[in-house]
Peer 1: 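Before anything else, here's the structure in question.
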Amino acid sequence: ELNGDPRPVHLFDNNNNGEPLTRMRKQINSFPAIAREAFGDNGCIFLSSVLYFELFSCLSIFFVSLGDHLHALFPHVSQSKHMTIVAGILTLPSALLRTPKLLSYLSMVGTFATVAVVLSVVLSALVMFFHADESSSVEREYKAYSSDGLPLALGIVAYCFSGHAIVPSIYSSMKKPQEFERMIDLTYGVVLLSCVLVGASGYYMFGDDVEDQVTLSLEQESEGGVLITGLTWLMIMTAISKFTLTMFPLALGFEEMLTGILP
């Protein structure tokens with residue numbers, strides 16, 4: 001659907017005759033547009049409602065994450081006030097960065113920050129494992145299963161894999177869209193590996209007492225320090241950079257809906 005033709009994308013970019021092939025259908029650049037093509041206006045409304053609610057929920061989690069980490073750095077300011085300030089600041093990149101290509105540069109910062117956070121958490125777990133005899137004598141509790149944390153766990157999993165809404169915009173902005181499928185497979189593989197490593201490391205270090213954001217548990221355990229402060233700032237950078245990227249398809253969707261209503 002995104003290609004507008006069942007034939008491979010490279011046939012349209014590298015035609016042997018030097019003339020571009022004609023696509024069977026128009027290219028589509030959003031999930032709601034795909035739903036409209038397949039199921040009509042009712043299908044478009046249904047899918048758009050689900051998709052945009054998911055995006056809105058992710059943005060809310062970004063605000064909570066920013067409020068928690070900023071409060072850890074500046075405890076004299078409340079979490080709600082931190083979230084209000086951040087909401088005002090984030091309107092600037094959301095309004096100025098209007099194309100996926102521009103957003104990719106901001107996303108690159110978040111990617112490097114995310115890699116640094118994952119490596120920091122995993123290395124912390126390895127240090128604790130190899131120095132178990134010298135570490136704190138606090139007894140950790142490890143439960144095989146707890147139904148109390150199931151709703152939170154499902155929400156975190158959905159949050160980690162919720163970036164698919166931006167996929168059509170990424171596809172349409174790629175210089176080599178023929179590499180799209182390989183890029184998607186690699187991306188989700190890296191995300192899955194990162195989630196497993198961070199989840200296992202956090203659970204090993206803190207057991208059932210681990211926070212939903214493991215960096216907060218690390219800060220409470222270490223009681224501050226330059227490295228933990230740097231890690232907290234990395235988490236803030238990650239949330240800020242990904243907020244704008246997540247906001248992009250949501251903003252486009254609202255603009256599409258309002259186009260038919262406003263004069």
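Note: hydrogens, waters and symmetry copies are ignored here, and every other heavy atom, side chains too, is used.
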Peer 1: Got a second to check how far H76's NE2 is from K81's NZ, nearest 0.5 Å?
Peer 2: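 Reported to 0.5 Å precision, the distance equals 8.5 Å.
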
Peer 1: Hey, could you give me the CG/OG1 distance between L192 and T187, rounded to the nearest 0.5 Å?
Peer 2: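 Between L192 CG and T187 OG1, I get 12.5 Å after rounding to 0.5 Å.
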
Peer 1: Distance from D208 atom CG to D148 atom CG, nearest 0.5 Å?
Peer 2: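 Going from the CG atom of D208 to the CG atom of D148 covers 10.5 Å.
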
Peer 1: What are the two closest non-hydrogen atoms of M24 and P6, and how far apart are they?
Peer 2: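 Shortest heavy-atom separation between M24 and P6 comes out as SD-CD, 3.5 Å.
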
Peer 1: Counting only heavy atoms from other residues, nucleotides and ligands, does the tally under 6.0 Å from CZ of R7 exceed 12?
Peer 2: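 Counting neighbours around CZ of R7, more than 12 heavy atoms of other residues, nucleotides or ligands fall under 6.0 Å, so yes.
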
Peer 1: Looking at M83 and G67, what are the two nearest heavy atoms and their distance?
Peer 2: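 Smallest interatomic distance, heavy atoms only, reads CG-CA, 3.8 Å.
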
Peer 1: Could you give the distance from OG (S124) to CZ (F129), rounded to the nearest 0.5 Å?
Peer 2: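 Going from OG on S124 over to CZ on F129, the span is 15.0 Å.
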
Peer 1: Does S65 use its side chain to pair, donor to acceptor, with the backbone of I61 at less than 3.5 Å?
Peer 2: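 No; zero donor-acceptor contacts below 3.5 Å.
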
Peer 1: Give the minimum heavy-atom separation between A113 and L234, together with the two atoms involved.
Peer 2: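 For A113 and L234, the tightest heavy-atom pair comes out as CB-O, 3.7 Å.
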
Peer 1: Carefully, step by step, assess L186 and R182 under the rule side chain to side chain contact (heavy atoms under 4.5 Å, CB included).
Peer 2: CA-CA 6 Å; L186 178 61; R182 185 172 61 178; 5.6 Å; no

Peer 1: Do side-chain atoms of Y142 reach the backbone of Y204 as a donor and acceptor pair under 3.5 angstrom?
Peer 2: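 Yes; judged by distance alone, with no hydrogens or angles, the pair exists.
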
Peer 1: When hydrophobic residues are tied together by side-chain contacts of less than 4.5 Å, even through go-betweens, does V157 share a cluster with V50?
Peer 2: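 Different clusters: V157 never reaches V50 through Ile, Leu, Val, Met, Phe, Trp or Tyr contacts under 4.5 Å.
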
Peer 1: What heavy-atom pair brings I236 and H69 nearest, and what distance separates the two atoms?
Peer 2: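 Here I236 and H69 meet closest at CG1-CB, 3.8 Å.
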
Peer 1: Step by step, would you call W233 with L73 a side chain to side chain contact (heavy atoms under 4.5 Å, CB included)?
Peer 2: CA-CA 9 Å; W233 277 112; L73 292 174; 3.4 Å; yes

Peer 1: If you take all heavy atoms of A35 and C44, which pair is closest and at what distance?
Peer 2: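 Here A35 and C44 meet closest at CB-CA, 3.8 Å.
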
Peer 1: For F63 together with F243, are the ring centres under 6.0 Å from each other?
Peer 2: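 Ring-ring flag for F243/F63: true, centres closer than 6.0 Å.
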
Peer 1: In a check of side chain to side chain contact (heavy atoms under 4.5 Å, CB included) between V198 and each of V118, T114, V117, which one passes?
Peer 2: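 It is V118; the other options fail the test.
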
Peer 1: Between CZ of F46 and CG of L51, what distance do you get to the nearest 0.5 Å?
Peer 2: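 Answer rounded to 0.5 Å: 11.5 Å.
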
Peer 1: Could you check whether R36 pairs with D41 (Lys NZ or Arg NE/NH1/NH2 to Asp/Glu carboxylate O, under 4.0 Å)?
Peer 2: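 A salt bridge links R36 with D41.
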
Peer 1: May I have the step-by-step check of side chain to side chain contact (heavy atoms under 4.5 Å, CB included) for L218 and V121, ending in yes or no?
Peer 2: CA-CA 8 Å; L218 286 171; V121 173; 4.1 Å; yes

Peer 1: Decide side chain to side chain contact (heavy atoms under 4.5 Å, CB included) for Q79 and D68; before the verdict, give the C-alpha distance in whole Å, the side-chain angles of both, and the deciding distance to 0.1 Å.
Peer 2: CA-CA 6 Å; Q79 292 170 299; D68 290 341; 2.5 Å; yes

Peer 1: Would you say Y52 ends up clustered with F56 if hydrophobic residues are merged whenever their side chains have heavy atoms under 4.5 Å apart, either directly or through other cluster members?
Peer 2: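 Different hydrophobic clusters.
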
Peer 1: Measuring only between side-chain heavy atoms, which start at C-beta, is D5 closer than 4.5 Å to R25?
Peer 2: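 Not in contact.
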
Peer 1: Tell me, yes or no, whether the heavy-atom count around E181 atom CD, taken from other residues, nucleotides or ligands under 6.0 Å, exceeds 12.
Peer 2: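 Incorrect, the count does not exceed 12.
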
Peer 1: Could you see if I45 belongs to whatever hydrophobic cluster contains I34? Use Ile, Leu, Val, Met, Phe, Trp, Tyr and a side-chain cutoff under 4.5 Å.
Peer 2: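 Different hydrophobic clusters.
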
Peer 1: Parallel, tilted or perpendicular: which fits the ring planes of H82 and F74, with parallel below 30° and perpendicular above 60°?
Peer 2: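 Plane angle between 30° and 60°, so tilted.
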
Peer 1: Taking the side chain from S217 and the backbone from E211, do they hold a donor-acceptor pair closer than 3.5 Å?
Peer 2: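 Yes: the side chain of S217 pairs with the backbone of E211.
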
Peer 1: With side chains defined as the heavy atoms from C-beta onward, is the minimum distance between L55 and L59 less than 4.5 Å?
Peer 2: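 Answer no - side chains too far apart.
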
Peer 1: Between I184 and Y171, is there shared hydrophobic-cluster membership here, with clusters defined by ILVMFWY side-chain heavy atoms closer than 4.5 Å?
Peer 2: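 As far as the 4.5 Å side-chain criterion goes, Y171 and I184 are connected within one cluster.
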
Peer 1: Quick one: pull up CG in L197 and CG in L119 and give me the separation to the nearest 0.5 Å.
Peer 2: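 Rounded to the nearest 0.5 Å, the CG-CG separation comes out at 9.0 Å.
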
Peer 1: So which heavy atom on P151 is nearest to which on S147, and how close?
Peer 2: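 Scanning both residues, the minimum pair turns out to be CD-O, 3.8 Å.
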
Peer 1: Linking I/L/V/M/F/W/Y whenever their side-chain heavy atoms sit closer than 4.5 Å, directly or via other members, would Y203 and L126 fall into one cluster?
Peer 2: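 As far as the 4.5 Å side-chain criterion goes, L126 and Y203 are not connected within one cluster.
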
